[in-house]
Amino acid sequence: MKELNERKLIEITPKSPYNFDATVFKPSYYPDYTKSYEKGKYWFVLNINNKIYGIKMENIGSIKKPKIKLAIFSKYKLPSGEIEKIIEELNYRFEFKRDISEFFEKFKEDKILSPFLKRWYGMHSSCAQNLYELLMIGIFLQNTVVKRTVQMTNVMLEKYGTKVKFDNKEVYSFWNPKDMINVPEDELRSLKVGYRAKLFIKLSKTFVEEKIDEFELRKLQVDKAKEKLLKLYGVGPETARILLQESLHHYNLFEHVASWQQKILSHLLFNKKLVPTEKIIEYVNKNWEKWAVLAVHYIWEDIFWQRKQGKKIEWLDKEIRL
DNA sequence: CATCAGGGCCCTG
DNA sequence: CAGGGCCCTGAT
C-alpha cells in the first residue's frame with residue numbers, strides 16, 4: 001500500500017460545454033477497483049510514464065460554465081514543472097480543452113440525435129487510464145462475459161497492482177509493463193485468465209522493449225494509429241476500436257461493430273432485432289459523419305444509464321450478458 | 001451429468 | 001476467407 005499525503009489544489013476551467021458527471025462516469029463501463037465515483041466527484045490513480053499520482057476531481061461549476069477543483073496527491077511535494085505535466089495529461093484524457101460545440105450546433109435538429117444531445121449536453125469521451133492500462137482492460141474484455149472480466153481484473157489488480165491511499169480513498173493502480181515481463185505464464189494461468197496470460201506477458205514485453213510511445217501514437221492520423229495498434233499481438237479490430245475511441249479520442253472512425261453491439265444498435269437505431277453490421281455502419285457514418293463515434297456514444301450511454309436507474313429493459317439485459 | 005457459446009484473436013489450410 | 005482452438009463459467 002502506498003499512501004500519498006502531499007496535496008496540491010488547482011482549479012481547472014474546461015471548454016464549455018462540459019458535462020462533468022457524464023464525462024467521467026460511464027454507466028456502460030464495467031466496475032473495478034481502480035476508481036471511485038459519486039455525483040460531482042471522481043477519484044483515481046493517474047499513471048504517467050510509470051509514475052503515479054492520486055487524483056481527485058470535483059465539479060464546482062456547471063455545464064455551460066464548467067469549473068473543476070483538482071487535487072493532486074503525491075508522496076512528496078511536486079515541482080511546478082511536474083504539476084504542469086499532470087495538468088496537460090488530464091487535459092488530454094478528459095478533453096478539458098476540446099471544443100465540441102460544433103457537434104451540438106450541427107445536430108441540434110437531428111431527428112434521432114437531438115433528444116440525446118439535450119439529455120447529455122456537454123458529455124465527452126474520456127479515459128482515466130494510459131494506453132497500456134486500457135490495453136489490459138481490452139484483453140480482460142475479450143471473449144467472455146462481464147462477470148468474468150470483473151473477476152479477472154480484480155484478481156490481477158490485487159496480485160500485481162498497487163493499492164494507493166489518498167483523500168481517505170483506497171484505489172488500485174495497474175502494474176507497469178516491466179512488472180509483468182518476468183511473471184511465469186503458469187502463475188497468471190492459476191488466476192484463471194486463460195489464454196490471456198500469454199497476451200499480458202507478450203504485450204508487456206513489447207511495451208518495454210520496443211518502447212511503444214503513446215505520445216507518438218496520439219499525433220498520428222486515425223488510420224495510421226489503427227495500423228500500429230493492430231500490429232500488437234492479441235489486438236484485433238475490436239480491441240483496436242476501444243483504444244482508438246477511448247484512449248486516443250478519435251470520434252471519426254466508425255467501421256467495426258461487434259456482434260453483441262450489433263444487437264443493441266439494431267434495437268436502438270432501427271427498432272429491429274438484427275440489422276447487418278454493414279447497414280449499421282453505413283447509416284451511422286452517413287448521418288453523423290466525422291462525429292459518428294461520439295453520436296453513437298450518446299445513444300449508447302443513454303440506454304445504459306436508464307438501465308442503471310433501475311428501468312427494466314429486457315432485451316438489453318439479455319444482450320449484455322452479465 | 002454433459003454440452004455449449006461467449007463484450008476476440010491467431011493460426012492453419 | 002472459413003473455421004478450429006483457446007480458457008473458464010454459467011445457462012440449458
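Scope of the values below: all heavy atoms of this structure, side chains included, with no hydrogens, waters or symmetry mates. Below, chains carry the letters A, B, ... as their sequence lines are ordered, and counting in each starts from 1.
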Could you check whether [Y] and [X], counting side-chain N and O atoms only, form a donor-acceptor pair closer than 3.5 Å?
{"X": "Asn176(A)", "Y": "Asn47(A)", "value": "yes"}
{"X": "His250(A)", "Y": "Lys226(A)", "value": "no"}
{"X": "Trp120(A)", "Y": "Asp302(A)", "value": "yes"}

Note to self: For the P atoms, the ones on dT9(C) and on dC10(B), what distance do you get once it is rounded to whole angstrom?
What the structure shows: 24 Å

Next item on the list: For nucleotides dC1(C) and dG7(B), find the distance between their C1' atoms and express it as a whole number of Å.
Entry: 24 Å

Taking only the side-chain nitrogens and oxygens of Lys147(A), find out if one of them lies under 4.0 Å from OP1 or OP2 of dG10(C). yes

Distance, rounded to the nearest Å, where [X] contributes [atom1] and [N] contributes [atom2]:
{"X": "Met152(A)", "N": "dT9(C)", "atom1": "CE", "atom2": "C1'", "answer": "10 Å"}
{"X": "Lys192(A)", "N": "dG6(B)", "atom1": "NZ", "atom2": "C1'", "answer": "18 Å"}
{"X": "Ile139(A)", "N": "dG8(B)", "atom1": "CD1", "atom2": "P", "answer": "12 Å"}
{"X": "Arg241(A)", "N": "dC9(B)", "atom1": "CZ", "atom2": "P", "answer": "10 Å"}
{"X": "Arg307(A)", "N": "dG7(B)", "atom1": "CZ", "atom2": "C1'", "answer": "13 Å"}
{"X": "Gln142(A)", "N": "dG7(B)", "atom1": "CD", "atom2": "P", "answer": "13 Å"}
{"X": "Glu238(A)", "N": "dC9(B)", "atom1": "CD", "atom2": "P", "answer": "7 Å"}
{"X": "Arg148(A)", "N": "dA11(C)", "atom1": "CZ", "atom2": "C1'", "answer": "16 Å"}

Which atom pairs link the protein and nucleotides 10-13 of chain B when you take only N or O atoms and keep those under 3.5 Å?
from	atom 1	to	atom 2	distance (Å)
dC10(B)	OP1	Gly234(A)	N	2.8

Between the NZ atom in Lys272(A) and the CD1 atom in Ile280(A), the distance rounded to the nearest 0.5 Å is 11.0 Å

Minimal heavy-atom distance between Phe20(A) and Tyr42(A), with the atoms involved, is CZ-CB, 4.2 Å

Note to self: Test of understanding: clusters of I, L, V, M, F, W, Y form through side-chain heavy atoms closer than 4.5 Å, transitively. Do Met123(A) and Phe304(A) belong to the same one?
What the structure shows: yes

- Item | Pair Glu102(A) + Lys290(A): basic N to acidic O under 4.0 Å | yes

What is the nucleic acid contact for Thr239(A), judged by heavy atoms within less than 4.0 Å: base, sugar-phosphate only, or nothing?
sugar-phosphate

So the stems of DNA chain C, runs of at least three Watson-Crick or G-U pairs (under 3.5 Å), are B:2-6 with C:8-12, B:8-13 with C:1-6

request  = Mark yes or no: Lys35(A) above the aromatic ring of Phe44(A), with NZ or CZ under 6.0 Å from the six-membered ring centre and no more than 45 degrees from the axis.
outcome  = no

What residues 249-266 of chain A contributes to the DNA chain B interface at heavy-atom separation below 4.0 Å is Ala258(A), Trp260(A)

Of dG7(B), dC8(C), dG8(B), the nucleotide closest to the side chain of Leu141(A) is dG7(B)

Any side-chain to backbone donor/acceptor pair from [X] onto [Y]? Under 3.5 Å, distance only.
{"X": "Gln142(A)", "Y": "Gly234(A)", "value": "yes"}
{"X": "Arg93(A)", "Y": "Ala128(A)", "value": "yes"}
{"X": "Ser190(A)", "Y": "Glu187(A)", "value": "yes"}

Exactly one candidate in Ile55(A), Val45(A), Ile72(A) meets side chain to side chain contact (heavy atoms under 4.5 Å, CB included) with Phe166(A); the answer is Val45(A)

